[in-house]
Structures are given as C-alpha cells and as structure tokens.
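The structure appears below as structure tokens.
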Amino acid sequence: MSQSAAIDRKGLAAAIASYVLWGVFPLYWVLLRHVPSLQTVAHRIVWCAVFVVGYLSLLGGSTWLRDALSRPRVGRLLLASSLLISFNWGIYIWAVTNGRVVEASLGYFINPLVNVLLGVLVLRERLNPAQWTAVAIAGAGVLWLAFLHGEPPWIALALAFSFAFYGLIRKTAHVDAIPGLAIESLFLLLPALAWLGWAQWQGEAAFLNGNLGADALLVLGGALTALPLIGFAYGARRIPYSLVGILQYIAPTLQLLSGVLLLGETFSGTQAVGFACIWLALAIYAADGWRRARRQPARAAAEHCDDAVPATDGAAPPR
C-alpha cells in the first residue's frame, strides 16, 4: 500500500478534529478560572475515569482491565505516568486560568524536541545532522526567552518535560492508549475524590454550590479529556505516521492564537524571536521526519501508532 493510499478521509478528519479540540481547550478551561486549579484537575480525573471506564466497559465488559494489567510492569509504569500526567494537567490548567496561555503553548511546541533529547539520552538513539540542528536552534530560542524574561520559561519547560517523560513511559508500557488512560485515571481516582471531599468539608468546594453552569463544565471537562484521545486513536491507525507528526502542531498553534487573539495576552516582537527559533527548529525536524518516512515501507505508518497517542491536551501528543 502506498503512503497516499493509506490516507483515509475519516481517519484524517478524526485526527484533525482531535488536535483542534486540544488547541481550543484554553477557551474551555478559562471559563473555570474561578475554580481553584487543584479542584478542576480533581474533577477532570474523576469524570474522565467515569467516561473512559464506562466507554470501555460498554465495549467489552471488564476484560480490558485484566488484559491491560496482565502484561509485565504495566501497572507500575502506568502508576508513574499517572503522576506525571496529573502534574502536567495541574500546571496547564493553572497557566490557562492565570493568563499564561502563550507560555503554555510554547511548552507543547518544545515537547517534540524534548522527546528527541530523551530518545538520545535514555533510549540511546542517534540523531542525524538535521535533527541536531533543530535541537540547537530550539535551545537558542529557549535561551532567548529566558534572557528576555530574566528567568527560564518555567511553565513551558515544566509542561514540555513532564509530557515528554510521560510519553517515554507510555512508549515502554505495552498498553493501548484508551485503556492506559482509564487505568491512569483509576490510580488517581481515590486521591482526587479525597481532595474534593476535603474541599467540600471545608466549605471551599466549587461543585454543587448552586452554580449549575460551573457544575456542568466540570463534569463535561472529563468527557472532553477523553473524547479527542478516542478520536486520535481512531485516526492514527488510518493515516500515515509522518502525517500525524505534522498535524500535532495544530494544537499549540491554536493555543497560541487563542491566547493572543481571544484572551488578550501580549505577544511582543521580542517574544516572537524566541518563538520563531522554535518554529524554525520544528520545521527542520518535521521536514526531516517527512523525508525519512517517505523512504521507509508504507507499513511503518501503521506500526506503533499507540506509542504516539497523547493522553492529554496537549497537545500532541499526551503527550
């Protein structure tokens, strides 16, 4: 099968829709800026668990859980990944609700290049000259932003590195994307419920306090966490892997545009210099990946699709 023949319209539409949804998530979470960030994250965990576990149970009963945990080390790896993704969600929601959407989007632009570095340092992968050039240019962009603000862009770096390590763990855990997300949510479910119960007991809970609109948004946030992942898992199996790599930049681009054009965040010319370095690095990296993918057999597009499925916003790839 040729690469062009592998592009399925429904799969392409599902992947694009997922990235668009991830990209406009800031506009959703900013509606909950009056809710403490930890409560928003806890509700996201609880309702995501309800939605995803319910979805899998309707499809195949409880066998999905037994099948997923029967593989070696999956439980321990998913426990670690659940802690990373909860940290990532917490930083992201705090950033969005505190007017830092632009910096959050930078994190997801940087993330693919952090993945490259982890591949070298942890998986002992080798980079070609184009990839080293991309990493160097991206590093220059981050250093410029650090110089501009007087300190490193901590939010962007925290998001990029937490999601990169999350992706690394999910790459080594042999479990499909949706069951993996369900198990991660189950690991976090009791702590999330305990936190919400404590907030309720202290009279600080934002849920069920008379604001039905906020209640609906908190519940729907769990479903919206899982929905793009399901769509992406559907699309990633039906389109070339190299195309997935290009599409992943839709999400942080829309996040950036949402922050600047719709949420009124500033984006100066000096900031644009740092972002331009990141974008140039990504262009070099994406072009190199596209070139190498075209040289490989088309069957490679269908392999390891779950390794690339992000479990969060992120964009791309929750990562």
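- Not one N or O on the side chain of Ser57 forms a donor-acceptor pair closer than 3.5 Å with the backbone of Gly54.
- Arg126 places none of its side-chain heavy atoms less than 4.5 Å from the side chain of Val120.
- Between Gly141 and Cys277, the closest heavy-atom pair is CA-CB, 3.5 Å.
- How far CH2 of Trp29 is from CG of Leu224: 7.0 Å, rounded to the nearest 0.5 Å.
- For Tyr55, the OH atom sits in a loose shell: 12 or fewer heavy atoms of surrounding residues, nucleotides or ligands are nearer than 6.0 Å.
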Please test Trp47 against Phe51 for ring pair (Phe, Tyr, Trp, His ring centres under 6.0 Å), starting from the C-alpha separation and ending with a verdict.
CA-CA 6 Å; Trp47 299 112; Phe51 183 83; over 10 Å; no
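- Two rings, from Trp89 and Tyr92, have their centers 6.0 Å or more apart.
- At a threshold of 4.5 Å between non-hydrogen side-chain atoms, the residues Asn88 and Ile85 count as touching.
- Within a 6.0 Å radius of CZ in Phe267, other residues, nucleotides and ligands contribute more than 12 heavy atoms.
- Counted within 6.0 Å of CZ on Arg71, heavy atoms from surrounding residues, nucleotides or ligands total more than 12; the atom is thus considered enclosed.
- With rounding to the nearest 0.5 angstrom, the CG atom of Leu262 is 8.5 Å from the CG atom of Leu257.
- Other residues, nucleotides and ligands contribute more than 12 heavy atoms inside 6.0 Å of the CH2 atom of Trp94.
- Looking only at side-chain heavy atoms (C-beta outward), Arg66 and Thr63 come within less than 4.5 Å of each other.
- Connection of Val35 to Val30 is established within a shared hydrophobic cluster, with ILVMFWY side chains joined at heavy-atom distances below 4.5 Å, either directly or through further cluster members.
- Counting heavy atoms from C-beta outward, Trp64 and Val53 have side chains that approach closer than 4.5 Å.
- Atom CG of Leu21 is separated from atom CD1 of Ile250 by 12.0 Å, given to the nearest 0.5 angstrom.
- Formation of a donor-acceptor pair under 3.5 Å by the Asp176 side chain with backbone atoms of Pro179 is not found in this model.
- Interatomic distance, CZ of Arg44 versus OG of Ser185, reported as 10.0 Å (0.5 Å rounding).
- With hydrogens and angles ignored, the 3.5 Å screen pairs no side-chain donor or acceptor of Gln255 with any backbone N or O of Val102.
- Closest heavy-atom contact between Val101 and Val96: CG2-CA, 3.9 Å.
- At least one donor-acceptor pair under 3.5 Å links the side chain of Tyr28 to the backbone N or O of Leu217.
- Leu117 and Leu143 sit in two unconnected hydrophobic clusters of ILVMFWY residues. Membership requires side-chain heavy atoms under 4.5 Å apart, directly or through other members.
- For the pair Gln39 (side chain) and Ala199 (backbone), a donor-acceptor distance under 3.5 Å is absent.
- Counting heavy atoms from C-beta on, the side chains of Ser37 and Thr97 come closer than 4.5 Å.
- Expressed to the nearest 0.5 Å, how far CD1 of Ile155 lies from CD1 of Ile91 amounts to 7.0 Å.
- One hydrophobic cluster holds both Trp279 and Leu261 under the rule that ILVMFWY side chains link at heavy-atom gaps under 4.5 Å.
- Other residues, nucleotides and ligands contribute more than 12 heavy atoms inside 6.0 Å of the CZ atom of Phe207.
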May I have the list of side-chain donor-acceptor pairs in residues 129-137 shorter than 3.5 Å, sequence neighbours left out?
from   : atom 1 : to     : atom 2 : distance (Å)
Gln131 : OE1    : Asn128 : N      : 3.0
Thr133 : OG1    : Pro129 : O      : 2.8

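- Atom CH2 in Trp22 sits 8.5 Å away from atom CZ in Phe25 (nearest 0.5 Å).
- Here the closest heavy-atom approach between residue Gly90 and residue Val41 is recorded as CA-CG2, 3.5 Å.
- Within the 4.5 Å cutoff, side-chain heavy atoms of Asn211 are placed close to those of His34.
- Taking every heavy atom of both residues into account, Ala80 and Ile169 meet most closely at CB-CD1, 3.9 Å.
- Asp215 contributes a side-chain N or O that, together with a main-chain N or O of Leu208, makes up a donor-acceptor pair within less than 3.5 Å.
- The hydrophobic cluster containing Ile93 also contains Val24, counting ILVMFWY residues as joined when their side-chain heavy atoms lie under 4.5 angstrom apart, directly or transitively.
- When all heavy atoms of Ser82 and Leu188 are compared, the pair lying nearest together is O-CD1, 3.4 Å.
- Of the listed residues (Arg170, Glu184, Arg76), just one forms a side chain to side chain donor-acceptor pair (under 3.5 Å) with Ser81, and that residue is Glu184.
- Both Leu157 and Phe165 are part of a single hydrophobic cluster, where members link through side-chain heavy atoms under 4.5 Å apart.
- Side-chain contact check for Val142 versus Pro152: every heavy-atom pair is 4.5 Å or farther apart.
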